[in-house]
Amino acid sequence: MNVCDEIDLGIDLRRTVLYPFTSEDMVLYKYFSKYNKKYNITKVVSHQSSGLIGKDVSYTDRRNPVNDIIDANIREVLEKVDCLLVSSGNEKDLKHHETIEIIKYALELKKEVICCAKIGHKNIEILRKTAIENNVKIPTFYDINSDVLEIPDEIQRVKKIECPVVLVGKLISQSCDECELIAGLNISLSTAGHRVSVVTNNDIMKALGFRNSLSNIFSLPIAPKYIIEKINLFFQKISMDERPEIILVEAPDSLLRFSERIPDGYGIDTYMLCQAVQPEYCIGCFYASANNAELSEYIRTDMLVRLGVELIAIHLCGVTLDGSKMRSTDNVETYRIGISEIENQINVYNNLARIPIINAREESGINILSKIIINATIT
């Protein structure tokens, strides 16, 4: 997917509010307008009971301030914008029903709605009916079950994809900036003149126009060997249709193999993905709490032997694992640290590690990772 890095000021930008904003939605905040040129996020709103109200957007994950304050009154904001962009949210959250009511209210105000949340077929039909009754565009729903994977029978399976495949993944299933990295790397590589295709495993990335079919494949009720074959066929189709120079693919689960110390570090789906497409290289998203110089060497060796993939760079995110809580709850527990502490850790670890460790939340870090990928795959 090739993209431009500038918004066309000659078009009438649709003022857009992002709601309900959480720490998981930075990829939408940063990149939705870059990938969808006619929309401009002018307001960010969280649920009224959220602890984010009145704080800068950057507070959610302790990055540099962006001078954009999170609002609370979504109904008041909706009257001043053209479009409601609904973030993924959490359908198990008690406040989820409030999000559906806000979508209905937006439609009654004749606002455009783009929905990344999983709200179920029953609610989708209700909202479609509301849109029709109010003579407004039917909302765009990005639901994981809405894609239909179509792979022509005549495509023959081969072992190797024609272009380099770069895996972007996190150590465990807990989010670690991987979607933000993929969105940024796609822009950086495309701007440098390279044809890039992206395969993701996250529903929210559909709002940026990325493929999301890996989730559909992994959910099929078939034996693992057939899942591997379907993944391989899917990547062949991408290679044939789009003729990319590089394919970026999000790891469907963790890079880390089973560990007694981490509750969900299995990496079974990632192992099957690597069997199917044999990625050459990997960008790892690591947690700031780990001894990253020692861990990076352990992961590098393990991935080469177990997956046949070379770890070429590490992004150090602002999430740190809370070991004491994990021992008592048997769940993954995390908290955030500030950007100065991340930079301090990077300075220490880069003197010890064989693999470059980078903060890729900023554009300069993304561009460094992009050059590393180009040097590894093309030059």
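We number each residue from 1, following the sequence as shown.
Under the 3.5 Å distance criterion, the side-chain polar atoms of S370 are left unmatched by any main-chain donor or acceptor of L185. Not a single donor-acceptor pair under 3.5 Å links the side chain of S239 to the backbone N or O of I161. One N or O on the side chain of K111 and one on the backbone of V81 form a donor-acceptor pair closer than 3.5 Å. S190 places no side-chain N or O within 3.5 Å of a backbone atom of I187 that could act as its donor or acceptor partner. Within the 3.5 Å criterion, the main-chain N or O of C285 finds no donor-acceptor partner in the side chain of D177. Judged by distance alone, the side chain of K34 and the main-chain N or O of K30 form no donor-acceptor pair under 3.5 Å. No side-chain donor-acceptor contact under 3.5 Å links R15 to the backbone of T42. Side-chain atoms of K206 never come within 3.5 Å of backbone atoms of C116 as a donor-acceptor pair (strictly under, hydrogens ignored).
The number of heavy atoms from other shown groups lying within 6.0 Å of CD (E108) is above 12. Residue K110 qualifies as enclosed at atom NZ: its count of foreign heavy atoms under 6.0 Å is above 12. Counted within 6.0 Å of CG on N347, heavy atoms from surrounding residues, nucleotides or ligands total more than 12; the atom is thus considered enclosed.
A continuous path of hydrophobic side-chain contacts links L273 to L220 [ILVMFWY only; heavy atoms under 4.5 Å]. A continuous path of hydrophobic side-chain contacts links I372 to L189 [ILVMFWY only; heavy atoms under 4.5 Å]. When the side chains of ILVMFWY residues are joined at heavy-atom separations under 4.5 Å, either directly or via intervening members, I231 and Y226 end up in a single hydrophobic cluster. Under the 4.5 Å side-chain heavy-atom criterion for Ile, Leu, Val, Met, Phe, Trp and Tyr, I138 and L109 are members of distinct hydrophobic clusters. Grouping the Ile, Leu, Val, Met, Phe, Trp and Tyr side chains by contacts below 4.5 angstrom, directly or via other members, places I124 apart from I132.
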- request: Any chance you could lay out the side-chain contact (heavy atoms from CB on, under 4.5 Å) test for I283 and I312, step after step, and finish with the verdict?
  value: CA-CA 6 Å; I283 304 292; I312 57 173; 3.8 Å; yes
query: side-chain contact (heavy atoms from CB on, under 4.5 Å) between F235 and V199: does it pass, once the steps are laid out?
result: CA-CA 9 Å; F235 274 77; V199 179; 3.8 Å; yes
- request: Go through H47 and Y19 one step at a time and tell me if the ring-ring contact (aromatic ring centres under 6.0 Å, His included) criterion holds.
  value: CA-CA 8 Å; H47 283 300; Y19 168 88; 5.4 Å; yes
task: Decide yes or no on side-chain contact (heavy atoms from CB on, under 4.5 Å) for K55 and I69, but give the supporting numbers first.
output: CA-CA 5 Å; K55 295 182 171 63; I69 303 301; over 6 Å; no
message: Please determine whether side-chain contact (heavy atoms from CB on, under 4.5 Å) holds for the pair L248 and V166, giving the CA-CA distance in whole Å, both sets of side-chain angles, and the decisive distance to 0.1 Å.
response: CA-CA 5 Å; L248 297 176; V166 178; 3.9 Å; yes
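Closest non-hydrogen pair, L52 versus S46, comes out as CD1-OG, 3.9 Å. Taking all atoms of both residues into account, the shortest heavy-atom contact from L369 to A313 is CD2-CB, 3.5 Å. Between T200 and L214, the closest heavy-atom pair is O-CB, 3.9 Å. Nearest approach of I247 to C163, heavy atoms of both residues: CG1-SG, 3.5 Å. Scanning all heavy atoms of the two residues, the minimum distance from L304 to E310 falls at CD2-CA, 4.0 Å. In terms of heavy atoms, M26 sits closest to V57 at SD-CG1, 3.6 Å.
In this structure, E280 pairs ionically with K160, as a charged nitrogen and a carboxylate oxygen lie closer than 4.0 Å. With salt bridges taken as basic N to acidic carboxylate O contacts below 4.0 Å, none links E180 and R361. Contact check on R243 versus E162 returns a salt bridge, with a Lys/Arg side-chain nitrogen under 4.0 Å from an Asp/Glu carboxylate oxygen.
By the 30° and 60° cut-offs, the orientation of the rings of F32 relative to Y39 is tilted.
Side-chain polar atoms of N367 and S364 form no donor-acceptor pair below 3.5 angstrom. No hydrogens or angles considered: a donor-acceptor pair under 3.5 Å links the side chains of D68 and Y29. Between the side chains of Q236 and N232, at least one donor N or O sits under 3.5 Å from an acceptor N or O. Side-chain N/O atoms of S58 and D56 include a donor and acceptor closer than 3.5 Å.
Within the 4.5 Å cutoff, the side chain of P224 has heavy atoms near those of the M272 side chain. Counting heavy atoms from C-beta outward, E250 and V168 have side chains that stay 4.5 Å or more apart. Looking only at side-chain heavy atoms (C-beta outward), L78 and V45 stay at 4.5 Å or farther from each other. In this structure, the side chains of F210 and N186 come closer than 4.5 Å at one or more pairs of heavy atoms. In this structure the side chain of E125 never reaches within 4.5 angstrom of the side chain of H121, judged on heavy atoms. Proximity of V113 to L127: side-chain heavy atoms (C-beta onward) are nowhere separated by under 4.5 Å. D71 has its side chain out of reach of E76: every pair of non-hydrogen atoms, C-beta onward, lies at least 4.5 Å apart. The closest side-chain heavy-atom distance from L307 to Y271 is below 4.5 Å.
Here the CG atom belonging to N375 is positioned 9.0 Å from the NZ atom belonging to K371, to the nearest 0.5 angstrom. From L107, atom CG reaches atom CD of E112 across 10.5 Å, with rounding to the nearest 0.5 Å. The line from OG1 of T377 to NE2 of H194 is 7.5 Å long, rounded to the nearest 0.5 Å. Interatomic distance, NZ of K170 versus OG of S254, reported as 8.0 Å (0.5 Å rounding). Remark: N201 CG to S215 OG distance equals 3.5 Å, nearest 0.5 Å. Here SG of C274 is found 6.0 Å from CE of M303. Values are rounded to the nearest 0.5 Å.
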